[in-house]
Amino acid sequence: MMMETKLYKEIWKAVQFHPLFQGLDERTALSLVEECEAFSYGKREMMLQVDTPRQGLLLVLQGIAEVFVKNAAGQDEVLEVIQKGEIVGFSSLAEFLGIVKADKTQSNVEVRAVDDVRALLIPFSVLAKRWDDQDVHDYLLTQVSIRLKDVYGSLAEQVKMARGIGEGETILARVQDMMSESIVSVSPESSIKDTALKMSEHKTSSVLVLEQQELKGIITERDIVGRVVAEGLSFDEPSRLVMTKDPVTISRFSYYYDAFSEMLLNGIKHLPVVDHGQVSGIVTLTDLLRKKNDSVMRTIKKIEGENEASLPEVKAAIYEITDTLMRDSVPSLALLDIVTKLYDRLIGRAVELSVEALGEPPVPFAFYLMGSAGRGEQFMLTDQDHFLVYADTKEHGYFEKLGAEITAKLEAAGYARCKGLMMSSEEQWRGTVLQWQERVRKWMLQSTNENILLAQNFFSYRFAVGSEQLNKEFEAKIGELLDRSKIFLYRMVQAEKEQEIPTLDEPIRALFRLGRKSIDMKKEVLFPFHHSLQILSLYYGGIPGMPLEKIGALKEKGVFTEGFTQDLREAISHVLDLYIRQRWTNSESSTILSFATMSTRQKDELILSLRTLRELQGMVYARFSV
């Protein structure tokens with residue numbers, strides 16, 4: 001009896017500030033707690049089964065649980081995650097209120113523990129005694145409303161994504177479905193030898209470095225080779241000397257494409273899974289590829305092959321990956337992150353193979369991408385857009401050959417030669433830093449329509465491969481020109497005035513009567529957006545980077561407010577979603593979006609997005625009083 005009283009008091013202390021118990025005196029609260037029942041569940045243990053009558057509400061006191069259903073293929077679809085202080089079982093309120101008879105109660109969802117869980121079953125008898133408290137009413141109404149909104153949102157997204165997929169597999173797999181819970185770890189002071197032996201013993205390519213369960217670092221096979229063997233470091237030294245400190249981590253509730261993107265963007269193959277400071281597993285690139293698309297690993301191997309024989313196969317392989325991401329309805333910005341990283345690997349390999357073919361260059365060089373590749377928006381291989389910068393030298397012949405070699409390698413990989421000849425194989429698209437400075441100065445002084453077009457393409461550049469130091473020198477020289485470029489920017493704005501982003505403020509149905517049934521997403525929306533952002537970036541010192549990076553930099557400079565920055569990101573994300581899917585599902589050359597193919601929601605979002613992009617364009621006009 002004494003043990004029970006002690007347990008009830010511990011439970012009361014844990015729930016005394018919860019809205020269902022808050023404000024009660026200890027005696028009353030304890031009497032209610034005595035009617036409740038405490039449960040403990042181990043990791044992955046079922047807490048509530050399907051079609052099992054519910055006896056009340058289940059309050060999670062410790063740990064995390066998940067609500068899930070079985071899909072048509074018998075696989076688990078997680079609907080929501082329940083954390084400490086949250087309640088499971090709101091659907092059973094219908095029975096409590098007498099709306100549904102107890103003998104007809106049916107539940108199609110199940111609940112299980114994600115890790116060790118402690119929970120309190122609050123029976124309907126306790127709920128009845130608290131029902132007259134207005135705070136309890138408000139709490140339950142709020143929670144049910146939030147849950148209903150989340151569930152409807154989740155269902156809507158799944159239905160939307162399921163159309164056209166036609167697959168029984170999980171639509172949006174999470175990291176926890178792919179990660180390994182078997183963690184191999186060492187302490188920071190463990191010897192490198194012990195760490196290597198542990199890798200061999202467990203047949204793993206990485207170990208986590210933990211100190212009192214806190215993640216301090218990670219050691220991979222590559223670290224052992226590069227930081228120990230290659231450097232001649234003693235195997236008796238502590239592991240902390242070779243570990244990668246503060247490694248990139250991910251939550252187990254993140255989607256697979258989040259993990260995929262993190263790995264590609266950071267150039268890593270192992271991601272520790274961490275939530276609330278606790279390591280719960282590790283996910284590797286192999287895990288992700290085995291689960292979602294085995295072709296990705298084959299693609300990376302082709303890109304990084306020892307010779308160029310595999311380059312012609314890369315285009316089809318990357319397209320296969322893109323198709324998988326499209327079918328999984330991965331958001332456009334995440335998709336572009338992933339695919340751009342693969343293309344960047346391909347670019348780097350093509351340049352590397354070109355240098356191997358010609359021998360070491362006489363001076364450092366830097367290779368740059370322009371156009372959609374420069375903006376990180378090349379989800380399909382279009383034509384080539386690139387240029388070459390090299391340090392002062394008399395041996396221009398080497399770089400003439402290098403430009404031609406790179407162009408040929410990229411053509412072999414599927415990049416068509418640029419019809420406008422904007423490639424480093426052409427003399428006007430390669431040169432020393434000073435030659436480039438003179439070239440850009442000429443465009444600015446003689447701002448004809450042709451030179452403006454050249455400048456617009458040039459200023460979409462992104463450093464891809466080569467000397468970081470030379471890149472800094474090059475950008476500094478170009479920056480010097482921008483300080484005296486206001487007239488040139490004014491001419492760019494004048495040219496932009498000829499292509500204003502259209503307004504769709506009229507209801508879409510009215511557009512049909514006006515004869516407007518479609519919009520060219522590339523010419524009428526994306527180009528004006530990029531040019532406007534480019535002009536502002538040049539005006540404020542030549543901000544480098546891809547569009548989102550430029551938007552973030554302009555916010556930091558106080559040009560954009562926090563609210564407008566968010567609106568602009570959402571607008572371009574929505575426009576890219578429409579544009580990418582339009583081109584992918586119709587034809588590579590089609591950039592025309594027909595209003596007849598759009599849902600009402602898509603049309604409304606497009607109207608709002610264009611309004612935001614026109615506001616950006618208006619900022620440019622106002623800056624130059626056009």
Side-chain angles (χ1 to χ4, degrees), residues 40-45 60-66 81 83-84 112-118 173-231 233-256 258-291:
S40 294
Y41 303 93
K43 185 182 294 186
R44 309 296 289 176
E45 185 178 349
V60 174
L61 302 177
Q62 175 187 308
I64 299 175
E66 59 186 10
V81 175
Q83 304 196 47
K84 178 180 177 181
R112 68 179 164 217
V114 174
D115 49 20
D116 292 337
V117 170
R118 287 179 57 236
R174 294 182 185 269
V175 168
Q176 66 181 10
D177 300 322
M178 307 172 190
M179 72 182 191
S180 170
E181 295 183 355
S182 178
I183 301 170
V184 180
S185 65
V186 296
S187 73
E189 299 306 319
S190 297
S191 70
I192 298 171
K193 179 180 179 180
D194 288 343
T195 296
L197 287 174
K198 213 160 196 179
M199 281 186 183
S200 176
E201 179 185 343
H202 291 274
K203 295 181 174 61
T204 181
S205 59
S206 67
V207 295
L208 300 183
V209 182
L210 303 180
E211 187 172 43
Q212 297 180 347
Q213 301 306 309
E214 182 181 351
L215 181 64
K216 294 296 184 181
I218 186 171
I219 299 174
T220 66
E221 287 179 339
R222 182 178 294 181
D223 295 328
I224 297 293
V225 173
R227 298 175 181 176
V228 181
V229 178
E231 298 295 328
L233 192 64
S234 170
F235 276 85
D236 293 325
E237 294 287 353
S239 292
R240 58 181 165 76
L241 296 182
V242 294
M243 72 181 184
T244 298
K245 297 179 181 178
D246 302 320
V248 178
T249 64
I250 196 161
S251 166
R252 61 183 154 193
F253 303 119
S254 296
Y255 293 114
Y256 90 91
D258 292 323
F260 195 16
S261 182
E262 285 288 355
M263 289 185 184
L264 291 177
L265 293 175
N266 289 286
I268 56 179
K269 296 181 180 179
H270 307 81
L271 265 181
V273 182
V274 179
D275 285 286
H276 307 297
Q278 294 294 310
V279 179
S280 55
I282 187 166
V283 63
T284 68
L285 184 59
T286 304
D287 295 331
L288 297 180
L289 305 183
R290 185 186 301 119
K291 181 74 176 181

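Just so it is clear, the model here is predicted, and its values are computed rather than measured.
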Work out which heavy atom in [X] is nearest to a heavy atom in [Y]; give both atom names and the distance.
{"X": "Pro247", "Y": "Gly217", "value": "CD-CA, 3.7 Å"}
{"X": "Val242", "Y": "Arg227", "value": "O-NH1, 2.7 Å"}
{"X": "Tyr41", "Y": "Ala113", "value": "CB-CB, 4.0 Å"}
{"X": "Lys43", "Y": "Asp116", "value": "N-OD1, 3.4 Å"}
{"X": "Met263", "Y": "Thr284", "value": "CE-C, 3.4 Å"}
{"X": "Gly226", "Y": "Glu231", "value": "O-CG, 3.5 Å"}

Side chain of [X], backbone of [Y]: donor and acceptor closer than 3.5 Å?
{"X": "Asp115", "Y": "Ile64", "result": "yes"}
{"X": "Ser190", "Y": "Ser239", "result": "no"}
{"X": "Asp275", "Y": "Arg252", "result": "yes"}

Heavy-atom check, side chain of Met179 versus side chain of Ser280, under 4.5 Å: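 Yes; the side chains approach each other to less than 4.5 Å.
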
I need the [X] [atom1] to [Y] [atom2] distance, nearest 0.5 Å.
{"X": "Ile218", "Y": "Asp246", "atom1": "CD1", "atom2": "CG", "answer": "12.5 Å"}
{"X": "Ile183", "Y": "Leu208", "atom1": "CD1", "atom2": "CG", "answer": "6.5 Å"}
{"X": "Gln176", "Y": "Glu66", "atom1": "CD", "atom2": "CD", "answer": "4.5 Å"}
{"X": "Leu241", "Y": "Leu233", "atom1": "CG", "atom2": "CG", "answer": "6.5 Å"}

Contact list for residues 183-196, test salt bridge (Lys or Arg N to Asp or Glu O under 4.0 Å), sequence neighbours left out: Glu189-Arg240

Test side-chain contact (heavy atoms from CB on, under 4.5 Å) applied to Gln62 and Lys84, step by step: CA-CA 5 Å; Gln62 175 187 308; Lys84 178 180 177 181; 5.6 Å; no

Ile224 vs Met199, side-chain contact (heavy atoms from CB on, under 4.5 Å): CA-CA, chis, key distance, verdict: CA-CA 10 Å; Ile224 297 293; Met199 281 186 183; 4.3 Å; yes

For Thr249, the option from Leu271, Leu215, Val273 that meets side-chain contact (heavy atoms from CB on, under 4.5 Å):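 Result for side-chain contact (heavy atoms from CB on, under 4.5 Å) with Thr249: Leu215.
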
Listed once per pair and sorted, the side chain to side chain donor-acceptor pair (under 3.5 Å) pairs that draw on residues 197-217, sequence neighbours left out: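 Found Ser205-His270.
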
